[in-house]
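Below is one structure, written out as structure tokens; the observations come after it.
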Number of protein chains: 2
Amino acid sequence: MAPKVSEDYKQARRRELLQAAKRVFIQKGFVHTSMQDIMDEAGISRGAFYSYFDNIDHVFMEVLKYEDQQIIQFLAPPAEGSVWQHLKRWVEDQQGYIESLHDTLLLAKSEFFLSSLYVKNKENFPYISDRYDETAAAIEEAIEEGIRRGEFRTQLRPGTMARFLISFMNGLMLDTYQLGRERTRVEEQLAALLFSLEQMLSPVQG
Amino acid sequence: MAPKVSEDYKQARRRELLQAAKRVFIQKGFVHTSMQDIMDEAGISRGAFYSYFDNIDHVFMEVLKYEDQQIIQFLAPPAEGSVWQHLKRWVEDQQGYIESLHDTLLLAKSEFFLSSLYVKNKENFPYISDRYDETAAAIEEAIEEGIRRGEFRTQLRPGTMARFLISFMNGLMLDTYQLGRERTRVEEQLAALLFSLEQMLSPVQG
DNA sequence: CTTGAAACTATACATAGGTGTCGGTTATAA
DNA sequence: TTATAACCGACACCTATGTATAGTTTCAAG
């Protein structure tokens with residue numbers, strides 16, 4: 001006879017499972033999450049779950065892919081307004097994001113990509129390097145657009161500034177995750193970042 | 001009868017064990033290192049090893065303490081020379097350090113302090129927050145010394161700039177550990193950092 | 001409505017790896 | 001010589017993985 005369920009159903013179920021997995025990863029991180037934890041959260045049996053995913057690395061990578069689908073390119077190319085205002089706004093928005101890091105996959109991602117298994121098998125996991133390059137390229141593109149419009153007068157290469165910004169944000173997020181926003185003084189640091197960017201870009205309409 | 005060995009011997013043995021542990025942690029990180037791995041590296045039996053250390057968290061914390069003893073405060077208060085030259089030199093030195101991250105405890109430390117067990121028991125592990133505060137204070141002190149000498153004309157609070165520097169360096173180190181120095185463009189980023197610091201501090205003798 | 005196959009449950013299993021302890025052995029300082 | 005600290009390695013225990021099995025539910029084609 002015909003298959004029991006439609007392809008759509010399978011897809012939907014799979015998505016449910018990934019959502020459950022995501023909840024667990026957010027709460028427990030990667031290292032301390034077991035397959036059983038995810039099965040319990042999803043309310044599914046061992047056998048059924050293993051028919052969807054091979055192992056926990058597989059589950060996690062699928063969660064990341066699923067997550068990426070949802071993320072809109074808010075860092076995307078600048079709209080019609082001022083590029084500087086756009087960047088400034090983005091930096092200011094980061095503050096709210098950083099204050100809710102415990103509700104994100106930050107911990108799980110950091111653990112996963114630090115694990116030596118990953119670092120020693122970079123080739124098999126192009127995800128993170130691709131992600132880094134894409135993010136850098138997006139920021140770089142925004143800066144170049146500003147230059148094209150005559151809005152910025154830059155002292156450094158756009159790609160350098162983009163990566164500088166990424167390094168800073170990554171460091172700030174991890175430190176703040178571990179130590180809390182009071183100790184790292186998030187707001188002040190972001191203000192310092194804006195100051196730096198302003199010096200680097202010399203925006204005409206500061 | 002009297003104890004079999006001298007106190008000195010015990011201390012020395014303990015140090016040997018910590019050195020072996022350190023080698024393993026450097027090579028395998030924290031998550032993928034087991035007690036057995038360390039015992040094998042040290043060439044000691046389970047029982048003997050457990051008479052020195054209670055569990056792997058204990059071993060790791062002791063490694064960190066041992067490591068701290070060795071580290072001299074090279075970021076220490078500025079000598080008699082120019083504070084700006086001192087800071088500049090320090091940043092330049094970081095490049096070499098960053099290129100050999102795989103021979104350090106960076107991975108192990110990151111893994112250890114990320115593990116949710118740690119994050120959810122901050123109180124029990126004052127190490128990392130103390131370390132952060134101390135480092136920030138050291139940089140802050142250097143900057144303030146520059147101000148006192150009339151060498152710097154700062155736009156931002158010294159504590160903010162210190163933490164800004166730490167965030168950036170932490171982010172750069174982790175990204176570079178994972179992606180390699182070509183991809184993150186370490187040299188250029190450090191140049192950008194120097195540019196930023198120069199704008200922030202306005203050193204009189206650039 | 002029947003029915004057959006897919007999806008699922010619950011549980012058992014073999015494997016693997018790690019933990020911390022314990023009784024016995026070795027080596028040395030008194 | 002001898003008591004005792006330092007050491008050894010087997011052991012019992014636990015947790016997790018991935019597979020396998022038998023039996024049950026569900027759904028859609030016929």
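The chains referred to below are lettered A, B, ... by the order of the sequence lines, with proteins before strands, and numbering in each begins at 1.
A 4.5 Å side-chain heavy-atom check between B/Leu18 and B/Phe53 finds at least one atom pair inside the cut-off.
Between the CG atom of A/Asp8 and the P atom of C/dA6 there is a distance of 19 Å, rounded to whole Å. The distance between atom CG of B/Asp37 and atom P of C/dA16, rounded to the nearest whole Å, is 17 Å. Atom NE2 of A/His32 is separated from atom P of D/dT15 by 14 Å (rounded to the nearest Å). Distance, A/Tyr50 OH to D/dT21 P: 17 Å, rounded to whole Å. Distance, A/Phe49 CZ to D/dT19 C1': 16 Å, rounded to whole Å. Between the P atom of C/dC13 and the CZ atom of A/Arg46 lies a distance of 15 Å, rounded to the nearest Å. Distance B/Leu17 CG to D/dA6 C1': 12 Å, rounded to the nearest Å. A/Arg13 has its CZ atom 11 Å from the P atom of C/dA7, to the nearest Å.
The side chain of A/Ser45 sits closest to C/dA10 out of C/dA10, D/dA6, C/dG20.
Under 4.0 Å is where a charged nitrogen must lie from a carboxylate oxygen, and between B/Glu92 and B/Lys88 no such pair does. Salt-bridge annotation for A/Glu7 and A/Lys10: absent, with no side-chain N of the basic residue lying under 4.0 Å from a carboxylate O of the acidic one.
Note on A/Tyr9: a side-chain N or O is less than 4.0 Å away from OP1 or OP2 of C/dC8. In this structure, A/Tyr52 reaches the C/dC8 phosphate: one of its side-chain N or O atoms is under 4.0 Å from OP1 or OP2.
Looking at which nucleotide of DNA chain C each of B/Ile56 and B/Ala48 is closest to, the 5′-most match is held by B/Ile56. Between A/Gly47 and A/Gln36, the residue anchored nearer the 5' end of DNA chain D, judged by the nucleotide with its closest heavy atom, is A/Gln36.
The aromatic ring centres of A/Tyr127 and A/Phe113 sit less than 6.0 Å apart.
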